[in-house]
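Okay, structure first, notes after.
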Amino acid sequence: MDLRAGRFDGQMTDDAAVFSSSIEFDRRLFESDIKCNRAHTTMLIEQEIIPEESGRKILKALDELEEEGLDALDLNPSFEDIHMALEDYITKKIGKEAGFMHTGKSRNDQVCTDIRLTLKDEVEGTINDVKAFIECIVSMAKENTDTLFIAYTHLQHAQPTTFAHHLMAYANELRRDCERFMDTYKRIDINPLGSAALTTTGFPIDRQRTTELLGFSKAMDNSIDGVSSRDFAAETIFDYAMLSTTLGKIAEEIVIWSSYEFGMVECSNQYSSTSSIMPQKKNPDIAELARGKSTIAYGELMTVLAMIKSIPHSYNRDLQEVSPHVWNAIDNTNDILAIVHGMLASLTVNKERTAELAGANFATATELADVMVREKNLPFRTAHQIVGRIVSDAISEGIGTSDIDNDYVDRVAVEITGEKLGLGEDLVRQALDPLLNVKSRTVKGGCAPSAVMESIEIMERFLKEK
Ligand code: ARG
């Protein structure tokens with residue numbers, strides 16, 4: 001079968017054929033291309049557009065190809081793409097009647113139908129994998145609702161929290177990543193088949209029927225838009241880029257927390273490397289690579305956006321170059337997802353160290369100021385100033401949180417307001433206790449075990465949704 005035989009008297013140069021072929025990255029479309037041809041041929045038979053007998057032969061050959069698999073195709077670049085390689089296979093099987101298969105269809109609508117079908121599966125798979133990761137995080141969180149942890153702002157000690165609270169931040173970010181995919185799915189799930197080259201066809205094709213057969217939610221309303229739009233692809237890459245950002249942040253925290261200075265977690269040996277010269281080293285290479293590789297999807301997004309910018313309607317061959325970048329963003333992000341899932345699941349938390357850090361470096365200072373407001377009706381700004389001074393005095397005197405008592409507080413209060421506060425030892429001690437700090441934050445979204453459990457329940461409801 002030679003597509004050029006009518007119009008041209010010869011072949012492309014070899015390098016032009018290779019340059020213009022999409023066959024290598026079309027491999028991914030193999031199953032979708034069979035489905036697409038099957039649905040189109042079935043509809044052509046039902047609409048009595050092609051002879052039933054020829055149609056049946058085409059369908060049988062498509063079934064055989066599905067059985068035999070991708071290796072049955074001759075993926076010679078001279079075929080341009082998988083659509084022509086597939087047609088070549090059918091032609092070799094049943095002869096010239098194979099030619100009926102392309103009635104009222106173009107590779108222009110076929111390729112974007114295939115991409116959409118493939119992306120639906122890919123996105124569904126990723127949603128399931130993200131949900132499995134969230135499930136793992138939720139079960140870790142349940143076991144750590146009272147594991148003290150230090151929360152940072154500006155990577156400086158901020159306030160005590162729990163490991164569960166921090167983990168549930170990951171879970172909520174991942175949930176939004178999931179929901180973003182679910183939303184994009186709606187725009188992928190629309191059928192362009194029947195747009196043909198760009199203006200549909202004079203044959204009485206039934207687009208509703210192919211939409212049903214292919215399992216799309218509806219048919220696209222405009223055939224020019226049908227063949228020329230790739231916004232769904234760019235949007236999908238964005239979703240993968242965003243997911244890889246979430247994963248890269250988790251990886252980054254594993255790198256920081258596992259350093260000697262932080263000492264908060266230990267990465268499992270299975271996700272660690274050593275040094276070729278420094279025998280003592282345990283390096284978080286896998287986490288670093290997860291962080292580094294998360295940028296690949298950003299590059300693919302920019303590439304695709306630049307590719308689809310300012311190309312005129314409708315189909316332009318530039319669009320062929322979109323697909324490999326979509327696949328690469330997907331594969332890379334899926335790899336990162338699997339690795340970060342495994343790495344986090346096998347992480348060990350050094351609970352003694354995290355408890356020590358949670359109470360250190362005046363991380364409970366906000367609560368001391370809050371107690372002054374609650375118990376003594378002090379405006380928060382005044383309390384803030386008193387506690388700020390307490391901390392700066394303590395630092396210059398070289399004393400820590402545990403040395404601050406009621407007298408210390410009153411001495412500074414007198415300096416600033418002229419009056420003692422008289423909070424009493426108990427209130428001062430309680431305010432500076434990291435565990436009590438955590439337990440008092442029962443507000444929705446807070447770090448108290450009860451609040452974290454509530455967020456866990458919300459997440460479990462999400463995980464159960466279909
Ligand atoms: N291989 C092309 C692509 O991936 C589809 C075929 C359209 N080719 C053409 N010359 N009209 O976009």
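Ligands are counted one by one from 1 in listed order, and the atoms in each one are counted from 1 as well. Positions are given from 1, in the same order as the sequence printed here.
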Side-chain donor or acceptor of Asn144 paired with backbone N/O of Met140 under 3.5 Å: yes
Cys447 vs Phe149, side chain to side chain contact (heavy atoms under 4.5 Å, CB included): CA-CA, chis, key distance, verdict: CA-CA 10 Å; Cys447 57; Phe149 217 71; over 6 Å; no
Cation-pi check, Lys131 onto Phe462 ring (under 6.0 Å, within 45° of axis): yes
Ring-face cation of Arg116 near Phe216 (centre distance under 6.0 Å, axis angle within 45°): no
Candidate pair Tyr170 and Phe133, rule ring pair (Phe, Tyr, Trp, His ring centres under 6.0 Å), full reasoning: CA-CA 10 Å; Tyr170 294 166; Phe133 186 27; 8.0 Å; no
Arg38 backbone acceptor or donor facing Thr41 side chain under 3.5 Å: no
Considering only N or O atoms, set out every pair between ligand 1 and the protein closer than 3.5 Å, with distances to one decimal place.
from	atom 1	to	atom 2	distance (Å)
ligand 1	1 (N)	Ser22	OG	3.3
ligand 1	1 (N)	Asp81	OD2	2.9
ligand 1	1 (N)	Gln320	OE1	2.9
ligand 1	11 (N)	Asn108	OD1	3.0
ligand 1	12 (O)	Tyr315	OH	2.5

